[in-house]
Amino acid sequence: MRMSQYFLPTLKENPAEAQIVSHRLMLRAGLVRQTSAGIYAWLPLGFRVLKNIERIVREEQNAAGAQEVLMPTIQSADLWRESGRYDAYGAEMLRIKDRHDREMLFGPTNEEMITVLFRDGVKSYRDLPKNLYHIQWKFRDEVRPRFGVMRGREFLMKDNYSFDIDRAGAIRSYNNMFVAYLRTFARMGLKAIPMRADTGPIGGDLSHEFIILAETGESAVFCHKGLIDKDILGRTIDYAADLQPIVNEWTSLYAATDEKHDKDVFEKIPESERLAARGIEVGHIFNFGTRYSKPMNAVVAGPGGEQITVEMGSYGIGVSRLVGGIIEASHDAAGIVWPESVAPFKVAIVNLKPDDGAVSGACAKLYDTLQAKRVEVLHDDRDLRPGAKFADMDLIGIPWQIIVGPKGLAAGKVELKNRRTGAREELPIDQLAQRFG
RNA sequence: CGGGGCGUAGCGCAGUCUGGUAGCGCGUCUGCCUUGGGCGCAGAAGGUCGUCGGUUCAAAUCCGGCCGCCCCGACCA
């Protein structure tokens, strides 16, 4: 993409409404614009990040055996009366009426709808287990939206639902998602720590929140430092095998949010191994047994023809929240520092002198070469002073900056700068393309 | 939902107390200059002062209603 043609409205000053760093940077870097309290429009740069996060989530869900569907945002109130949640859910649910005065709602979650889809489509234990997910916009009419996309009213969430014949199967499904979540967040460059959690209004008895550490996190968290350095990506995962040992490995060390915190247990950890910090919840997994299948009659025929109520679990990842969460975890004084896996572009070419034919020619050639290699590249071909370009480029956080100026070019060289470390190296221009793609 | 605050140009703000020509910085546009970290000079555009009503010769300013947004707390992917 050529920056001179890109819709990328960056801001020099902090908008007054934004208090936390991720919100400020998302507005300043032209990722989003607020349209109402807790509701945001995604601009091209932000949308690319959102899609990258979505892609990683999707790849890991598919690898773990979940199947993607897409359910609507608008649901019928009757569906929720069946589970008994229509009245219970309260003011957080946005209720609307259609032209025929039918009661509808903008879905805050999809347990009811998926249970109906499952119930109508699966009749035998032979068809289990099933795990269905979708990535869809949700609306929860929060009393007080804040922190930009981290606590919006409209948000993009991956939610999925597992159906098993018995509790042992349900726990296998739970463990699969537990490991898939570890991988998903690790691939985004995040240290997400699973913490034992309350199940809240969704119900059930087994639940973990996945929390990333950040100073601006909403909840206080306490854990064993050993969890920070655990690595999941270096391992080969076989989702058909029993993943309980891996789950145990992560859950054997102490980790709790303040609501589940046990001070006595925590203080038995050697002081040098204790970590008390703040965190942002980016995922939450639940096993809730027959909480929905029972009232909604989601049953299958067992081997002896008997009717068995299925065991369910649900699993959520806040996709839009992650954009803010990643920024909270990865920024510096100059702006955002995107991990490569979610960066809107992998490489940026900074043309320091657009009206110099040699410089512009070299930039254009480099751009074409990288494009041909399918490297996502942003070319700053704008007619601006170098300082303004450097400032913008650092602000939007592209991982690699290729800086092309007349002095270096005279010697056949360009500069490659790493956004995260600030490290620069001079390279012959014809060797550059092979560094990428 | 309890408490607090704010709405004036695209962004950040002053002006409101004490009614009388709507202002500053940044950004934008034009020209010149400059070109390795938001450079300089000159000129220009851009605002029914959130909205509705009231008081007044006169309202951004005083009074009332409404709407919107933000912060702290309780609640939440």
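Proteins get letters first, then strands, A, B, ... in listed order; numbering begins at 1 in each.
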Asks: Counting heavy atoms from C-beta on, name the nucleotide in G37(B), A74(B), C26(B) closest to the side chain of Asp394(A).
Replies: G37(B)
Asks: With heavy atoms under 4.0 Å as the rule, sort Lys158(A) into base, sugar-phosphate or nothing.
Replies: nothing
Asks: When we call it a touch if two heavy atoms are under 4.0 Å apart, what does Gly148(A) touch: a base, just sugar-phosphate, or nothing?
Replies: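 No contact at all - Gly148(A) keeps every heavy atom at 4.0 Å or more from the nucleic acid.
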Asks: Looking only at N and O atoms, is any donor in the side chain of Glu13(A) or the base of G25(B) less than 3.5 Å from an acceptor on the other one?
Replies: yes
Asks: I would like to know whether Asp78(A) and Arg81(A) meet salt bridge (Lys or Arg N to Asp or Glu O under 4.0 Å); could you show each step before the answer?
Replies: CA-CA 5 Å; Asp78(A) 291 343; Arg81(A) 293 210 168 88; 3.3 Å; yes
Asks: Dump the intermediate steps for salt bridge (Lys or Arg N to Asp or Glu O under 4.0 Å) on Lys138(A) and Asp159(A), then the final yes or no.
Replies: CA-CA 10 Å; Lys138(A) 308 291 189 290; Asp159(A) 46 320; 2.8 Å; yes
Asks: Which protein N or O atoms sit under 3.5 Å from an N or O of nucleotides 65-69 of chain B?
Replies:
from	atom 1	to	atom 2	distance (Å)
C69(B)	OP1	Ala37(A)	N	2.6
C69(B)	O3'	Gln34(A)	NE2	3.2

Asks: Between G37(B) atom P and Gln401(A) atom CD, what is the distance in whole Å?
Replies: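 In whole Å, G37(B) P and Gln401(A) CD are 14 Å from each other.
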Asks: Mind listing the closest non-hydrogen atom pair of Ala63(A) and Tyr239(A) along with its distance?
Replies: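 Nearest heavy atoms, Ala63(A) then Tyr239(A): O-CD1, 3.3 Å.
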Asks: Counting only Watson-Crick pairs (N1-N3 plus N6-O4 or O6-N4) and G-U wobbles (N1-O2, O6-N3), all under 3.5 Å, who is the partner of G53(B)?
Replies: C63(B)
Asks: Find out whether the Lys NZ or Arg CZ of Arg153(A) is both under 6.0 angstrom from the six-membered ring centre of Phe106(A) and within 45° of the ring's axis.
Replies: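 Because its charged atom misses either the 6.0 Å distance or the 45° angle limit, Arg153(A) does not stack over Phe106(A).
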Asks: Both Ala16(A) and Glu154(A) contact RNA chain B. Taking the nearest nucleotide for each, which residue is further toward the 5' end?
Replies: Ala16(A)
Asks: Would you measure the distance from the C1' atom in G27(B) across to the matching atom in A45(B) and give it in whole Å?
Replies: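 Looking at atom C1' only, G27(B) and A45(B) are 13 Å apart.
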Asks: Centre of Phe345(A)'s six-membered ring, under 6.0 Å away, within 45 degrees of the axis: is that where NZ or CZ of Arg48(A) sits?
Replies: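 Cation-pi check for Arg48(A) and Phe345(A): passes.
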Asks: What is the pairing partner of A9(B), taking Watson-Crick or G-U wobble pairs with both distances under 3.5 Å in any strand?
Replies: none
Asks: Measure CD/Glu259(A) against P/C75(B) and give the value in whole Å, please.
Replies: 9 Å
Asks: In whole angstrom, give the distance that lies between atom CG of Asp392(A) and atom P of G27(B).
Replies: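 Spelled out: CG on Asp392(A) to P on G27(B) is 12 Å.
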Asks: Can you tell me how far apart CZ (Arg33(A)) and CH2 (Trp42(A)) are? Round to the nearest 0.5 Å.
Replies: 12.5 Å
Asks: Quick check for you: to the nearest 0.5 Å, what is the distance between Glu111(A) atom CD and Thr115(A) atom OG1?
Replies: 7.0 Å
Asks: Figure out the NZ/C1' separation between Lys12(A) and G37(B), and round it to whole Å.
Replies: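 Rounding to the nearest Å, NZ of Lys12(A) and C1' of G37(B) are 12 Å apart.
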Asks: Under a 3.5 Å threshold, yes or no: a donor from one side chain and an acceptor from the other, between Tyr174(A) and Asp164(A)?
Replies: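 The answer is no; no qualifying pair exists.
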Asks: What distance, rounded to whole Å, do you find between the two C1' atoms, one in A74(B) and one in C17(B)?
Replies: 36 Å
Asks: Collect all protein-nucleotide pairs involving nucleotides 29-36 of chain B in which both atoms are nitrogen or oxygen and the distance is under 3.5 Å.
Replies:
from	atom 1	to	atom 2	distance (Å)
U34(B)	O2	Arg385(A)	NH1	2.7
U35(B)	O4	Asp355(A)	OD2	3.1
G36(B)	N1	Glu415(A)	OE1	3.4
G36(B)	N2	Glu415(A)	OE1	2.6
G36(B)	N2	Glu415(A)	OE2	3.0

Asks: Between G20(B) and G53(B), how far apart are the P atoms? Round to whole Å, please.
Replies: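 That atom pair is separated by 23 Å.
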Asks: With heavy atoms under 4.0 Å as the rule, sort Asn14(A) into base, sugar-phosphate or nothing.
Replies: sugar-phosphate
Asks: Can you name the one residue among Asn131(A), Ile114(A), Asn110(A), Leu132(A) that meets side chain to side chain contact (heavy atoms under 4.5 Å, CB included) with Asn160(A)?
Replies: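 Only one of Asn131(A), Ile114(A), Asn110(A), Leu132(A) forms a side chain to side chain contact (heavy atoms under 4.5 Å, CB included) with Asn160(A), namely Asn131(A).
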Asks: Using atom P of each nucleotide, how far apart are C62(B) and C6(B) to the nearest Å?
Replies: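 Each nucleotide's P atom is 12 Å from the other's.
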Asks: Name the pairing partner of U35(B), where a pair is Watson-Crick or G-U wobble with both distances under 3.5 Å, or state none.
Replies: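 Answer to the pairing question: none, since U35(B) forms no Watson-Crick or G-U pair.
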Asks: Could you tell me how far apart Arg144(A) (CZ) and C70(B) (C1') are, to the nearest whole angstrom?
Replies: 8 Å
Asks: Nearest whole angstrom, please: distance from the C1' of C70(B) to the CE of Met150(A).
Replies: 17 Å
Asks: Can you tell me, in whole Å, how much space there is between the C1' of A59(B) and that of G19(B)?
Replies: 6 Å
Asks: When you compare U28(B) with G38(B), how far apart are their P atoms, in angstrom units rounded to a whole number?
Replies: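 It works out to 15 Å between them.
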Asks: Checking Lys230(A) against Trp250(A): charged group under 6.0 Å from the ring centre and within 45 degrees of the axis?
Replies: yes
Asks: CG of Leu395(A) versus P of G37(B): gap in Å, rounded?
Replies: 18 Å
Asks: What interatomic distance, in whole Å, is found between C1' of G23(B) and the corresponding atom of U30(B)?
Replies: 24 Å
Asks: With both distances under 3.5 angstrom, what nucleotide forms a Watson-Crick or G-U wobble pair with G46(B)?
Replies: none
Asks: Suppose you measure atom P in G73(B) against the same atom in U55(B); what distance do you get, rounded to whole Å?
Replies: 44 Å
Asks: Between Ala18(A) and Arg146(A), which is nearer to the 5' end of RNA chain B once each is assigned its nearest nucleotide?
Replies: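 Residue closer to the 5' terminus by nearest nucleotide: Ala18(A).
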Asks: Measure from CD on Glu218(A) to C1' on A74(B) and round the result to the nearest Å.
Replies: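 From Glu218(A) CD to A74(B) C1': 13 Å.
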Asks: Paired with G2(B): which nucleotide, if any, by Watson-Crick or G-U wobble criteria at under 3.5 Å for both distances?
Replies: C72(B)
Asks: State, with a plain yes or no, whether a side-chain heavy atom of Asp332(A) is found less than 4.5 Å away from one of Arg420(A).
Replies: no
Asks: Relative to each other, are the rings of Trp80(A) and Tyr89(A) parallel, tilted or perpendicular (30° and 60° limits)?
Replies: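 Rings of Trp80(A) and Tyr89(A): perpendicular, as their planes differ by over 60°.
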